[in-house]
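Atoms considered below: every heavy atom in the structure, side chains included; atoms not considered: hydrogens, waters and symmetry mates. Bear in mind the structure is a predicted one, so any value in this text is a computation, not a measurement.
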Amino acid sequence: MKFKIKKQRKVPIEISIEGRIVAFDTETTGLRFHHGDAPFAFSFTDYEGNDSYIRGDVDPFTRKVSLSREDEATIVEFLEDATITKVMHNAKFDIGMCEQYFGCKVKGKIIDTMIFAHVWDSSRPIGLKPLCNRVLNISEQDQKDLQASVVRARAKGKKAGYTLSSDVKADYHLGDPELCKQYAVTDTQRTMQLFWFFEEPYNEGGAYKELVDMEHKVLMVTKRMEDRGVGIDWGKCIELTEYYEDTKSGFLDLINVEGYGDVNLNSPKQLAKVFYEDKLMPPIYRTRKSKDKGRAKSLTTDSKALQHWASLGDTFAKCIIAYREADHQLKNFVSVFMDEGKKDKDGFFTLHPNYRTCGPITARLSCTTPNLMNISNPQTRESGVSLRARECFTPRGENTVLYFTDYSQVEVWVSMFLSKDEAGMKALLDNEDMHKNMALKLWSHMYDFSNPAVLKKWRKRAKFCLFGLIYGAGVGSIMDTAGCGLDEAKKIIRVFWDTYPGLHTYSKQLSEEAEINGYVTGPYGRRYHVTGDDSYKALNYMIQGTAAEVMKRALISIDKALTFRKPKKKFKKAKLLLTIHDETGVEADKRDKAVPKLIVEAMSGEFHKMLGMPVRLKADVEVVTTNWAEKEKLDPQPVLKDIT
DNA sequence: TACTTTCAACTG
DNA sequence: CGGACAGTTGAAAGTA
């Protein structure tokens, strides 16, 4: 082994009791380790600051990596040494790369400095270079030097017929080897220095340590979900591809007939010209979000505007809506599934998404390649039966089902109990339909609510208004969601705050607190940083963030319950597969009847105690036997003993 | 050419 | 002064 520690640094660190602590990083030929990209350089920095570096060769035509047998053995020995604590920045990436390439299992304690940084302050950049530049004042020059050299090498390589990536960062193997080494080793130096930087607050214990530890558990839970992947029905993907291609070409023909064959339907600019300049439609503006605050309001050609024009009899608008819908399902979902998926060890076509645990500032999870969290959900829509992407998701195996379990109104429960709003808490505990009641209060004198369809529509608007107010909406957006004028919107806001005065007071308190401190602190001790003029966001951060804390702990708990449980021999082990903010997905043998209850037990947990609730959070189970679009309520639902 | 911004789509 | 929150992705258009 090349790693030596000359003398132990004063180590009051609780993280490593024995063995060594080594920062580790890889340079790779790309980001997609499921699809052939591989690590070609490996750097190490030990706790004393001693560096090591190993580099293999990359064939510039095939992009295949080759390592000497000794080097490979050294690296695998390091990775599999359970006594070595491995410190990484974005650990899931490097572990995934190595496990895929070497076919080994990384052992030993994993420490991710990205987690330390994100828990410290989720509102600031946590990429290794900018982070170290900020907190450790380390220059980013090494990366600039390497990148400049890579750009030059790429220009030459293009002529030579090399296989290039569209991303300069994925072609680091082409750059000057000395610069690459310098860069790689500096990265593990950075990582180790970050570790030194954060170990003090960590060792002080308290909420920071608890959160960092919890996040490391979530990291490994998400890694296991990613490794398992979710099953995709290839035949269904083919079917939907044909379906959407047909839809697209059908509407393109119609558009040709209408005389707009030359317009690029993906270009908002060209569409704006057609509708506002040629057809002289009255202006419809984009709803401005706070991000766009400084910008001038702009004309929109989004589906809502098109819908309006379609309702006035505009055929072109009607066609664009249908075309875009089909195009979106194809481009963003179906074809992504086909490109990203691969056969798993049992021969099932499977998607392996990438969960980010250090993404959203509210400390929710996010998801990429593909983003499982924004796949169309026809069940929540009034129309839109053609949004069929979920049909591609399917249980793997004959006796297999998927359980989707979602919290019932977590954000509302969290809002009312964090704010201690008397009316809200009572309504929830009495199991009242608060959105319906609000709809009656606001609009029953205007509409016939004995008609269920009418009631449903306005109940939904009331619900949207409540969420709007939690998110900090102003009169303008309330006008949009309620579809009313200024005075009516003002009245709605007044009625809401009169109904939930505790929530209103709480929101104002949080905003003040945010303005004074620059952050607010959630019940699990996490700080949500709120900058200057954005103090109205504090309430939302608190609620969204607290719901996320609950879900992360629930995921750990489900994973643990399923991992350590021994099902009967004929059943394969139930496994946690995915999560979508307030929802979890588990794959299990349908004959294994105990699974739903385990999930619900884990999700209901004892979170209510932390949130000041007298009863547990409620979660409902749905079951999928065919595909995700055909979820059905599980009957009967598991029953839990109430704990107080 | 390569990188960034804008817009539109979808989710909770 | 008054703001709908948090995301990911792809295509077009703008900029260096």
Side-chain angles (χ1 to χ4, degrees), chain A residues 122-123 147 151 154-155 158 164 166-169 264-272 286-296 298-306 320-321 323-333 335-336 339-340 353-356 359-381 384 387 389-390 406-407 409-411 415 464-481 493 507 511 528 530 532-545 547-548 551 579-583:
Chain A
S122 60
S123 72
Q147 285 187 349
V151 168
R154 275 160 56 96
K158 198 173 180 182
L164 298 178
S166 57
D167 183 6
V168 170
K169 290 191 187 70
N264 183 345
L265 303 180
N266 288 318
S267 164
K269 209 186 167 188
Q270 292 180 32
L271 289 184
R286 289 187 73 221
T287 44
R288 278 194 294 175
K289 298 204 164 181
S290 53
K291 264 186 212 144
D292 314 320
K293 215 174 343 194
R295 290 211 305 267
S298 54
L299 294 168
T300 181
T301 57
D302 65 13
S303 64
K304 224 178 151 187
L306 292 166
I320 300 169
I321 296 167
Y323 173 89
R324 272 195 194 159
E325 206 170 84
D327 194 46
H328 185 250
Q329 293 293 306
L330 259 186
K331 260 189 333 222
N332 282 43
F333 304 130
S335 52
V336 177
D339 291 345
E340 290 295 326
N354 167 37
Y355 286 97
R356 297 184 55 196
I361 53 182
T362 54
R364 272 182 166 185
L365 297 177
S366 67
C367 185
T368 68
T369 52
N371 178 6
L372 291 185
M373 301 203 182
N374 74 342
I375 293 170
S376 313
N377 184 357
Q379 291 180 336
T380 61
R381 297 195 159 226
L387 308 182
R390 287 196 184 199
D406 70 317
Y407 283 114
Q409 302 210 75
V410 242
E411 296 209 343
S415 312
F464 280 165
C465 285
L466 177 62
F467 278 96
L469 290 178
I470 288 171
Y471 297 156
V475 272
S477 58
I478 293 296
M479 282 161 68
D480 273 357
T481 46
I493 294 173
S507 175
S511 295
Y528 306 101
V530 188
D533 295 340
D534 290 345
S535 68
Y536 72 98
K537 293 179 178 173
L539 175 68
N540 178 253
Y541 285 6
M542 192 63 123
I543 294 166
Q544 190 180 113
M551 179 50 100
T579 172
I580 309 173
H581 303 308
D582 67 346
E583 188 174 3

Point to revise | Pair A:Arg364-A:Glu411, salt bridge (Lys or Arg N to Asp or Glu O under 4.0 Å): steps then yes or no | key: CA-CA 13 Å; A:Arg364 272 182 166 185; A:Glu411 296 209 343; 3.7 Å; yes

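In this structure, the CD atom of A:Glu325 is 17 Å from the C1' atom of C:dG10, given to the nearest Å. Residue A:Lys331 contributes atom NZ, which lies 12 Å from atom P of B:dC10 at whole-angstrom precision. Spacing between atom CD1 of A:Ile361 and atom P of B:dG12 amounts to 20 Å, rounded to whole angstrom units. For the pair A:Tyr536 OH and C:dA6 C1', the interatomic distance rounds to 12 Å; values are reported in whole Å. C:dT8 atom C1' lies 16 Å from atom CG of A:Asp339, rounded to whole Å. Atom NZ in A:Lys169 sits about 14 Å away from atom P in B:dA2, given to the nearest Å. Atom CD1 in A:Ile543 sits about 18 Å away from atom P in B:dG12, given to the nearest Å.
Residue contacts shown for A:Asn266 are limited to sugar-phosphate atoms, with no base heavy atom under 4.0 Å away. Looking at heavy-atom distances under 4.0 Å, A:Phe464 makes contact with a base. Using a 4.0 Å heavy-atom criterion, one finds that A:Tyr541 contacts the sugar-phosphate atoms exclusively. Backbone-only engagement by A:Gly474 is indicated by non-hydrogen atom pairs under 4.0 Å involving sugar-phosphate atoms exclusively. Counting non-hydrogen atoms under 4.0 angstrom, A:Val168 reaches the backbone sugars and phosphates but no base.
Neither OP1 nor OP2 of B:dA2 sits under 4.0 Å from any side-chain N or O of A:Ser166. Side-chain nitrogen and oxygen atoms of A:Asn377 include at least one within less than 4.0 Å of the OP1 or OP2 phosphate oxygen of B:dG12. One finds no side-chain N or O of A:Arg324 lying less than 4.0 angstrom from the OP1 or OP2 phosphate oxygen of B:dC10. Between A:Thr301 and B:dA8 there is a side-chain N or O to OP1 or OP2 distance below 4.0 Å. The side chain of A:Lys304 contributes no N or O atom lying less than 4.0 Å from OP1 or OP2 of B:dA8.
Not a single donor-acceptor pair under 3.5 Å links the side chain of A:Ser267 to the backbone N or O of A:Asn264.
No side-chain heavy atom of A:His581 sits less than 4.5 Å from a side-chain heavy atom of A:Tyr407.
A:Asp480 CG to A:Lys304 NZ: the interatomic distance, rounded to the nearest 0.5 Å, is 4.5 Å.
Across B:dC10, B:dC7, B:dG12, the shortest atom-to-atom separation from the side chain of A:Arg286 is found for B:dC7.
Scanning residues 363-373 of chain A for heavy-atom distances under 4.0 Å to DNA chain B yields A:Arg364, A:Met373.
Rounded to whole Å, the separation between the P atoms of C:dA4 and B:dC7 comes to 16 Å.
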Using the 3.5 Å cut-off, write out each protein N or O paired with an N or O of nucleotides 13-15 of chain C and the distance between them.
{"unit_1": "C:dA13", "atom_1": "OP1", "unit_2": "A:Ser267", "atom_2": "OG", "d": "2.7"}
{"unit_1": "C:dG14", "atom_1": "OP1", "unit_2": "A:Lys269", "atom_2": "NZ", "d": "3.0"}

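Axis deviation across the helix from B:dT1-C:dA16 to B:dG12-C:dC5 amounts to 10°, comparing end segments of five pairs, rounded to 10 degrees.
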